[in-house]
Colleague: 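Submitted below is the structure of interest, expressed as structure tokens.
Letters A, B, ... are given to chains in the order of the sequence lines, protein chains preceding strands, and every chain is numbered from 1.
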Amino acid sequence: MEIKKVKRSEDYSAWYNNLVKNADLAEHSAVKGCMVIKPYGYAIWEKMQAELDRRFKETGHQNAYFPLFVPKSLFEAEEKNAEGFAKECAVVTHYRLKTDPANPGKLMVDPEAKLEEELVVRPTSEAIIWNTYRDWIQSYRDLPILINQWANVVRWEMRTRLFLRTAEFLWQEGHTAHATKEEALAETKQMLEVYADFAENVLAVPVIKGVKTENERFAGADETYCIEGLMQDGKALQMGTSHFLGQNFAKAFEVKYVTKENKQEYVWATSWGVSTRLMGALIMSHSDDEGLVLPPNLAPIQIVIVPIYRKDEEKVLVIEKARAIQQLLRAKNISVKLDDRDNMTPGFKFAEYELKGVPVRIAIGPRDLQNGTVEVARRDTKEKQVMSMIDLEHKMEHLLTQIQSNLYQRALDFRDEHITAVNSWEEFKNVLENKTGFISAHWDGTGETEQKIKEETKATIRCIPLNNMEEKGTCVYSGKPSSQRVLFAKAY
RNA sequence: CGGGGUGUAGCGUAGCCUGGUAUCGCGCCACAUUUGGGAUGUGGAGGUCGUAGGUUCAAAUCCUGCCACCCCGACCA
């Protein structure tokens, strides 16, 4: 395959698209707006799933599965939710095709097979799930319900981008039911912490935890908490949301429980999700002109061993040693690939594994056999060093840890350098255009101001950070009084 | 939905203006020499030129319709 190289600094969007294709993560499919996730990309997603799933279970959740289709009458029950998603829903109206009498060999929708009630392909599952929870909940003893589902959802977007916004995407959605508001709120915040921990410690992407403004809130939620990341091009990316749904869905679906005191009460709800969009976050946080850069905690291959040899007898010895190293590292639970393909030169392989983001490469040749060494190259810094084979497994364990934290630190430094406090509208526009990143500014708290800023600059309020300090000031746009700064940015 | 673009071998492309049966690179197959940063040589295989129609002796090329996808905007996770 010939690799078309696009520099990150020249055309970020083209660089991103090329990287996704060249690193073999995903490609466009025959269906508009839908992607094929290729095995290497899917392997990374599976590692994300495994890490998240473990955390969900550790916090008491169970997995279940609900239908892809939502009858329209259920979908419209919670009005705000329905309205918010209405314009991007795929709808099933028929259940059968038939051969087209006018067009031999072609099929047509059978007009006889019209559904009595249309089925909405879920853009999110609150409706079908809360309709089910009604039957599951009678008493306070049935609460809480702590369920997560791994699923695909469809949102018919006008414009799509691989991983960041596709018409169909994979995600997990947690849906919990609680007896009290306090408990539901605690759940909402707990899951936000789970997401933040995952983003920072697994993806090595620093995030800001915050609350959305009313304009940006999930349709049907009383409060939306989020984690926001900053990509290398200075644009923000919403990486996960955790919603406090209040009693909105309980009321829409008549989900009540009996308290200890024998009183009927509506149930309190949360929902929370992250999607394959995280793949986009991963790519846009660490990768470079040579290709993908993966944090060791997510890399399907953590270390690749490339053998080097000339003659057959060298090959035998080198491969033998390489296998021994592989065993040694595997015993330490490191995922190691030995690339013994004979029809590629080492140089080709080096480039290929860089493109695929493998964190560490070990090259071993006859010279190393003589000296008892290997050449170790790290993807994040592109440093190479020859090191002794003695205690190699511990050195590699340590190196992987180091790479993980270096990637995080690098992303954190970048992010922190790109949070700029501004106090005037001129400054606001200037920073947004020239420096990019997050802008910390006073805001008068009104949706109108937020809307106007968006229209004039395309920047939105990403969140009101959770650890925000009270600070008196005046709104950067309207000049009205404000009690705290919020974070603005252009976003994906 | 507006604007722009593309559709030619597995991938990336030339040819289209000015019509004559398709160019080049990568990849693929075989053999040999190679292998410490994207190897080299020799030989080979691979094409309904997106689709339907029209003009013409002749269409990848001109005309008309259709389809698909991509990019930029508005919308959105």
Side-chain angles (χ1 to χ4, degrees), chain A residues 1-6 11-14 16-18 21-22 24 27-35 84-89 103 123-124 153-173 195 212 215-219 224 226-229 236-243 271-281 290-291 306-312 314-315 318 339-355 361-371 373-375 377 382 384 386 454-455 458 460 462 491-492:
Chain A
M1 181 182 24
E2 183 167 25
I3 303 299
K4 207 163 72 177
K5 275 215 169 174
V6 180
D11 186 343
Y12 198 78
S13 179
Y16 175 86
N17 282 326
N18 268 287
K21 277 175 224 166
N22 293 336
D24 233 11
E27 62 188 31
H28 291 287
S29 70
V31 190
K32 183 184 171 67
C34 295
M35 64 179 164
F85 285 101
K87 59 189 183 304
E88 51 194 50
C89 286
N103 267 313
T124 181
V153 287
V154 170
R155 295 182 190 174
W156 213 267
E157 301 287 353
M158 299 289 187
R159 195 153 128 53
T160 57
R161 295 193 71 192
L162 291 169
F163 288 120
L164 293 175
R165 179 170 295 105
T166 45
E168 180 195 13
F169 56 93
L170 307 184
W171 77 345
Q172 60 66 218
E173 47 183 327
Y195 287 155
K212 289 289 187 190
N215 281 345
E216 301 278 329
R217 198 177 284 160
F218 176 75
T224 288
C226 63
I227 51 171
E228 294 283 326
L237 182 74
Q238 178 175 307
M239 290 173 57
T241 45
S242 183
H243 313 292
S271 71
W272 28 274
V274 296
S275 72
T276 35
R277 170 177 256 204
L278 290 178
M279 294 286 292
E290 270 65 55
V306 177
I308 296 161
Y309 46 81
R310 288 166 203 273
K311 306 172 209 118
D312 274 353
E314 281 177 351
K315 177 180 173 181
V318 167
D339 188 349
D340 56 1
R341 286 177 300 176
D342 222 357
N343 55 341
M344 324 254 178
T345 60
F348 181 91
K349 293 176 184 176
F350 293 172
E352 188 181 16
Y353 290 108
E354 275 160 18
L355 179 58
R361 179 185 75 231
I362 297 178
I364 176 163
R367 210 157 67 204
D368 295 303
L369 291 188
Q370 277 191 353
N371 302 337
T373 57
V374 288
E375 184 195 78
K382 294 182 201 120
K384 284 195 284 198
V386 173
K454 185 179 176 181
E455 280 161 20
K458 287 179 191 156
T460 49
R462 301 320 303 156
Y492 275 97

Colleague: Restricting to side chain to side chain donor-acceptor pair (under 3.5 Å), what partner residues turn up for A:Asn343, sequence neighbours left out?
Modeller: none

Colleague: Drop me the distance from A:Leu278's CG to A:Leu237's CG, to the nearest 0.5 angstrom.
Modeller: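 Those atoms lie 8.0 Å apart.
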
Colleague: May I ask you to test the A:Lys87-A:Met158 pair for a side-chain heavy-atom distance under 4.5 Å?
Modeller: no

Colleague: Is A:Glu157 touching bases, backbone alone, or none of the nucleic acid, heavy atoms closer than 4.0 Å?
Modeller: base

Colleague: Check every strand shown and say whether A:Phe169 touches a base, only sugar-phosphate, or nothing at a heavy-atom separation below 4.0 Å.
Modeller: base

Colleague: CG/A:Leu355 to CD/A:Glu290 distance, rounded to the nearest 0.5 angstrom?
Modeller: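 Rounded to the nearest 0.5 Å, the CG-CD separation comes out at 9.5 Å.
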
Colleague: Quick one: label A:Leu164 by what it contacts on the DNA or RNA (base, sugar-phosphate, nothing), any heavy atom closer than 4.0 Å.
Modeller: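 Base: the residue A:Leu164, judged by heavy atoms under 4.0 Å, touches a nucleobase.
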
Colleague: Over how many whole Å does the gap from A:Asp24 atom CG to B:rG10 atom P extend?
Modeller: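 Rounded to the whole Å, the gap is 17 Å.
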
Colleague: Who are the side chain to side chain contact (heavy atoms under 4.5 Å, CB included) partners of A:Ala377, not counting sequence neighbours?
Modeller: A:Arg361, A:Lys384

Colleague: Please state the P separation for the pair B:rU23 and B:rG15 - nearest whole angstrom.
Modeller: 14 Å

Colleague: Given the C1' atoms of B:rA9 and B:rG47, what is the spacing between them in whole Å?
Modeller: 5 Å

Colleague: Taking atom types as they are modelled, is there a donor-acceptor pair under 3.5 Å from the base of B:rG37 to the side chain of A:Glu354?
Modeller: yes

Colleague: Using the C1' atom on both, measure B:rU13 against B:rA22 and round to a whole Å.
Modeller: 12 Å

Colleague: Roughly how far apart are A:His28 NE2 and A:Cys34 SG, rounded to 0.5 Å?
Modeller: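 Atom-to-atom, A:His28:NE2 and A:Cys34:SG are 11.5 Å apart.
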
Colleague: Any protein N or O atoms within reach of nucleotides 3-8 of chain B? Criterion: under 3.5 Å, listing atom names and distances.
Modeller:
none

Colleague: What pairs with A:Ser29 under side chain to side chain donor-acceptor pair (under 3.5 Å), at least two apart in sequence or on another chain?
Modeller: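 For A:Ser29, no residue satisfies side chain to side chain donor-acceptor pair (under 3.5 Å) once neighbours in sequence are set aside.
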
Colleague: For A:Phe350, which residues count as a ring-ring contact (aromatic ring centres under 6.0 Å, His included) partner, sequence neighbours excluded?
Modeller: none

Colleague: Contact class for A:Lys87 vs. all strands (heavy atom < 4.0 Å): base, sugar-phosphate, or nothing?
Modeller: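 The residue A:Lys87 makes sugar-phosphate contact but no base contact.
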
Colleague: Can you tell me how far C1' of B:rC75 sits from NZ of A:Lys454, to the nearest Å?
Modeller: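 In whole Å, B:rC75 C1' and A:Lys454 NZ are 8 Å from each other.
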
Colleague: CD1 of A:Ile364 to OH of A:Tyr309: how many Å apart, nearest 0.5 Å?
Modeller: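 Here the interatomic distance stands at 13.0 Å.
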
Colleague: Sticking with atom C1', work out how far B:rA14 lies from B:rU8, rounded to a whole angstrom.
Modeller: 10 Å

Colleague: Out of curiosity, A:Glu352 CD to A:Glu354 CD, how far, rounded to the nearest 0.5 Å?
Modeller: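 With rounding to 0.5 Å, CD (A:Glu352) is 11.0 Å from CD (A:Glu354).
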
Colleague: Return a single string for nucleotides 31-36 of chain B, one symbol per nucleotide in 5' to 3' order, where B is base contact, S is sugar-phosphate-only contact and - is none, cutoff 4.0 angstrom on heavy atoms.
Modeller: ----BB

Colleague: If we take the C1' atom in both B:rG20 and B:rG65, what is their distance in whole Å?
Modeller: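 Taking atom C1' in both B:rG20 and B:rG65, they lie 27 Å apart.
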
Colleague: Restricting to side chain to side chain donor-acceptor pair (under 3.5 Å), what partner residues turn up for A:Glu375, sequence neighbours left out?
Modeller: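 A:Glu375 satisfies side chain to side chain donor-acceptor pair (under 3.5 Å) with no residue once adjacent residues are dropped.
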
Colleague: Taking A:Arg367 first and then A:Glu314, would you say they form a salt bridge - that is, a charged N and a carboxylate O separated by under 4.0 Å?
Modeller: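 A:Glu314 and A:Arg367: not salt-bridged.
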
Colleague: Taking only the C1' atom of each, what is the distance from B:rC31 to B:rG36 in whole angstrom?
Modeller: 27 Å

Colleague: Sequence neighbours left out, what passes ring-ring contact (aromatic ring centres under 6.0 Å, His included) with A:Phe85? Give chain and number order.
Modeller: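 Expected list: A:Phe218.
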
Colleague: Can you tell me which stems involve RNA chain B, if a stem is defined as three or more consecutive Watson-Crick or G-U wobble pairs, both distances under 3.5 Å?
Modeller: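 Runs of three or more consecutive pairs: B:1-7 with B:67-73, B:10-12 with B:24-26, B:28-33 with B:39-44, B:50-54 with B:62-66.
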
Colleague: Distance between the C1' atoms of B:rG25 and B:rC70, in whole angstroms?
Modeller: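 Approximately 23 Å lies between the C1' atom of B:rG25 and that of B:rC70.
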
Colleague: Going 5' to 3' along nucleotides 68-73 of chain B, which nucleotides have protein heavy atoms under 4.0 Å from the base (write B), which only from the sugar-phosphate (write S), and which from neither (write -)?
Modeller: -SSSBB

Colleague: So A:Arg341, base contact, sugar-phosphate only, or nothing? Heavy-atom distance under 4.0 Å.
Modeller: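 A:Arg341: no heavy atom of the nucleic acid under 4.0 Å.
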
Colleague: Rounded to the nearest angstrom, tell me the gap between atom CD in A:Glu352 and atom C1' in B:rG27.
Modeller: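 Between C1' of B:rG27 and CD of A:Glu352: 13 Å.
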
Colleague: Name all residues meeting the side chain to side chain donor-acceptor pair (under 3.5 Å) criterion together with A:Thr241; count only those two or more places apart in sequence or in a different chain, and write none if there are none.
Modeller: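 With sequence neighbours excluded, A:Thr241 shows a side chain to side chain donor-acceptor pair (under 3.5 Å) to A:His243, given in chain and number order.
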
Colleague: For nucleotides B:rA60 and B:rU21, find the distance between their C1' atoms and express it as a whole number of Å.
Modeller: 9 Å

Colleague: Kindly write out the residues that satisfy ring-ring contact (aromatic ring centres under 6.0 Å, His included) with A:Phe169, not counting sequence neighbours, or none if the list is empty.
Modeller: A:Trp171

Colleague: How many whole angstroms separate atom CD of A:Glu27 from atom P of B:rC11?
Modeller: 9 Å

